[in-house]
Structure formats: structure tokens, C-alpha cells
Amino acid sequence: MILTNKDRLSPEEITDSVAVIENECFSVPWTKRSIKSQILTEGSVFLLVRADDGKAAGYICGQCVADECELYRIAVLPDYRRLGAADMLMAEFIAQCEGKGVRSIFLEVRRDNEPAKRLYEKHGFTAVGLRKNYYTEPICDAIIFQRAGCAGGSSAF
């Protein structure tokens with residue numbers, strides 16, 4: 001598997017690749033317009049992972065502001081799960097955030113998404129809050145996770 005950042009891809013390649021992954025992985029996928037507004041903006045961190053056959057297999061994206069980052073999405077196509085792609089994406093995302101001086105990374109995850117929660121905990125995230133009925137289709141609570149201590153920072157909690 002090969003990681004690529006947004007500087008090495010055209011906006012169309014990013015939008016098209018992410019749209020395929022979104023439609024396969026999420027019950028409420030982002031539109032191409034949403035993809036452009038979330039990924040192709042100042043301060044965004046984006047990585048795409050390609051399988052050995054060159055096919056886009058997964059991606060991660062978030063937005064950094066000052067010394068914080070919000071991880072918006074991480075997704076890997078079902079055919080490429082359990083091959084280390086999510087670990088690779090998460091590790092490089094954290095490294096890039098640290099390189100930008102980020103001290104804390106936040107995210108929301110479905111309360112019932114056990115594989116995602118295990119991934120986040122493996123990479124140093126801890127649960128810090130709950131958002132009732134945050135997700136739709138189906139309705140589910142979100143757990144707020146934080147990874148503090150990036151770039152030598154500490155948590156405000």
C-alpha cells in the first residue's frame with residue numbers, strides 16, 4: 001500500500017477517489033461539493049492510500065486550526081480492510097498534525113463502531129465526551145475522542 005498526500009494529486013483525482021470510497025463506506029456519504037470544501041482548503045490534512053494495483057483503497061482527512069485538529073473522516077474500502085491501511089493512514093495523519101504544531105486531535109465516532117474505537121485507542125485517543133443522537137441513518141450517539149500530547153502539548157481536560 002502506498003500513501004499519497006493532496007499535493008501530489010489533482011483536485012479531480014481527489015474528488016473522484018474520495019467519492020467512490022464515501023459511497024461505499026458511509027450511510028450518508030459526502031457529496032463531491034462537500035469533499036472539495038473539506039479537503040481542498042487551507043489547513044486540511046489529507047492522505048489517500050492506494051493498493052498495489054493502484055486503486056484508491058482508503059483515505060483520511062481533517063482540518064487544523066491553530067494547535068488543534070479535527071479528524072473528519074477515515075475510511076477504507078471493505079476489500080482492503082485488515083491489511084494495515086487504517087493504521088498507516090492514522091499514523092501518518094498524526095505525524096503530519098504534529099509537524100504542523102498540533103497539540104490535540106479531536107474526532108467523533110459512532111458509539112456502536114467497535115473497530116473504529118479500537119483503532120483510535122490504539123493510536124492514543126481517549127473518550128472525552130458524548131453527543132446524544134449525533135448520527136442519523138441510523139440514529140446513534142457519538143463518542144468524542146481526543147488525542148492530546150501531540151507536538152509536546154497537553155490536554156485542557
Side-chain angles (χ1 to χ4, degrees), residues 1-65 68-97 100 102 105-147:
M1 301 232 173
I2 301 166
L3 281 176
T4 307
N5 67 28
K6 71 179 179 182
D7 298 334
R8 296 185 181 167
L9 301 166
S10 71
E12 296 77 23
E13 187 175 8
I14 291 170
T15 304
D16 293 344
S17 296
V18 171
V20 168
I21 297 165
E22 279 284 317
N23 287 319
E24 181 74 24
C25 295
F26 293 104
S27 61
V28 182
W30 281 350
T31 64
K32 286 190 175 187
R33 183 176 177 187
S34 294
I35 293 166
K36 288 177 186 176
S37 71
Q38 298 299 334
I39 295 173
L40 301 175
T41 60
E42 181 79 26
S44 72
V45 177
F46 170 80
L47 296 158
L48 182 76
V49 65
R50 292 188 184 282
D52 295 336
D53 63 5
K55 182 178 179 184
Y59 82 97
I60 190 168
C61 73
Q63 184 71 32
C64 298
V65 177
E68 293 185 349
C69 186
E70 183 173 354
L71 193 162
Y72 292 146
R73 295 276 221 211
I74 181 171
V76 176
L77 289 170
D79 289 349
Y80 300 101
R81 291 180 185 163
R82 298 195 167 289
L83 300 174
D87 276 324
M88 187 184 304
L89 287 164
M90 185 63 74
E92 183 60 23
F93 182 87
I94 291 167
Q96 287 197 16
C97 288
K100 292 177 179 282
V102 167
I105 302 171
F106 294 89
L107 61 90
E108 288 99 5
V109 62
R110 292 181 71 87
R111 178 180 242 171
D112 60 359
N113 190 341
E114 294 301 324
K117 291 189 303 189
R118 284 192 300 274
L119 173 71
Y120 301 140
E121 289 167 350
K122 178 180 178 180
H123 287 274
F125 287 82
T126 56
V128 296
L130 181 73
R131 296 186 197 278
K132 298 293 283 175
N133 301 321
Y134 182 77
Y135 291 102
T136 60
E137 298 180 35
I139 294 172
C140 186
D141 297 341
I143 299 174
I144 303 165
F145 273 76
Q146 177 189 24
R147 185 180 194 279

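- Scanning both residues, Leu130 and Ile144, for their nearest heavy atoms gives N-CD1, 4.1 Å.
- Using a 4.5 Å heavy-atom threshold, the side chains of Ser27 and Tyr135 count as separate.
- In this structure, Ala86 and Ile74 approach most closely via the heavy-atom pair O-CD1, 3.9 Å.
- Within the 4.5 Å cutoff, the side chain of Arg147 has no heavy atoms near those of the Cys69 side chain.
- In this structure, the separation between CD on Gln146 and CD on Glu68 is 8.0 Å, given to the nearest 0.5 Å.
- When all heavy atoms are compared, the tightest approach of Leu40 to Pro11 is CD1-CB, 3.7 Å.
- A salt bridge (charged side-chain N to carboxylate O under 4.0 Å, His left out) check over residues 128-138, counting only residues at least two apart or in different chains, returns the pairs Glu108-Arg131, Lys132-Asp141.
- The pair Asp53-Lys55 does not meet the salt-bridge criterion, since no charged nitrogen lies less than 4.0 angstrom from a carboxylate oxygen.
- At a threshold of 4.0 Å, the pair Lys117-Glu114 counts as salt-bridged, since one of the basic side-chain nitrogens sits closer than that to a carboxylate oxygen.
- Here Ser17 contributes atom OG and Glu12 contributes atom CD; the two are 11.0 Å apart, rounded to the nearest 0.5 Å.
- By the 30° and 60° cut-offs, the orientation of the rings of Trp30 relative to Tyr72 is perpendicular.
- Here the shortest heavy-atom pairing between Val76 and Cys25 reads O-SG, 3.5 Å.
- Checking Thr31 against Ser34 by side-chain atom types alone, a donor-acceptor pair falls below 3.5 Å.
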* To do: Evaluate side-chain contact (heavy atoms from CB on, under 4.5 Å) for Lys122 paired with Asp87, printing each intermediate quantity in order.
  => CA-CA 9 Å; Lys122 178 180 178 180; Asp87 276 324; 2.7 Å; yes
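- Listed for the Thr41 side chain is no donor-acceptor partner under 3.5 Å among the backbone atoms of Ser44.
- Between Leu9 and Phe46 there is a side-chain heavy-atom pair separated by less than 4.5 Å.
- The line from CG of Leu107 to CD1 of Ile143 is 10.0 Å long, rounded to the nearest 0.5 Å.
- Within the structure, salt bridge (charged side-chain N to carboxylate O under 4.0 Å, His left out) pairs that include any residue of residues 15-35 comprise Asp16-Lys32, Glu22-Arg73 (at least two apart or interchain).
- Scanning both residues, Ile105 and Phe125, for their nearest heavy atoms gives O-CE2, 3.6 Å.
- In terms of heavy atoms, Met1 sits closest to Asp52 at N-OD1, 3.2 Å.
- Interatomic distance, NZ of Lys6 versus CD1 of Ile14, reported as 7.5 Å (0.5 Å rounding).
- Side-chain N or O atoms of Arg111 include none that pairs as donor or acceptor with a backbone N or O of Cys140 at under 3.5 Å.
- For the pair Arg50 (side chain) and Thr4 (backbone), a donor-acceptor distance under 3.5 Å is absent.
- In this structure, Met88 and Leu47 have side chains that are not in contact, with every pair of non-hydrogen atoms separated by 4.5 Å or more.
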* To do: Carefully, step by step, assess Ile60 and Leu71 under the rule side-chain contact (heavy atoms from CB on, under 4.5 Å).
  => CA-CA 8 Å; Ile60 190 168; Leu71 193 162; 3.9 Å; yes
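- Here CD of Glu42 is found 8.5 Å from CD of Gln63. Values are rounded to the nearest 0.5 Å.
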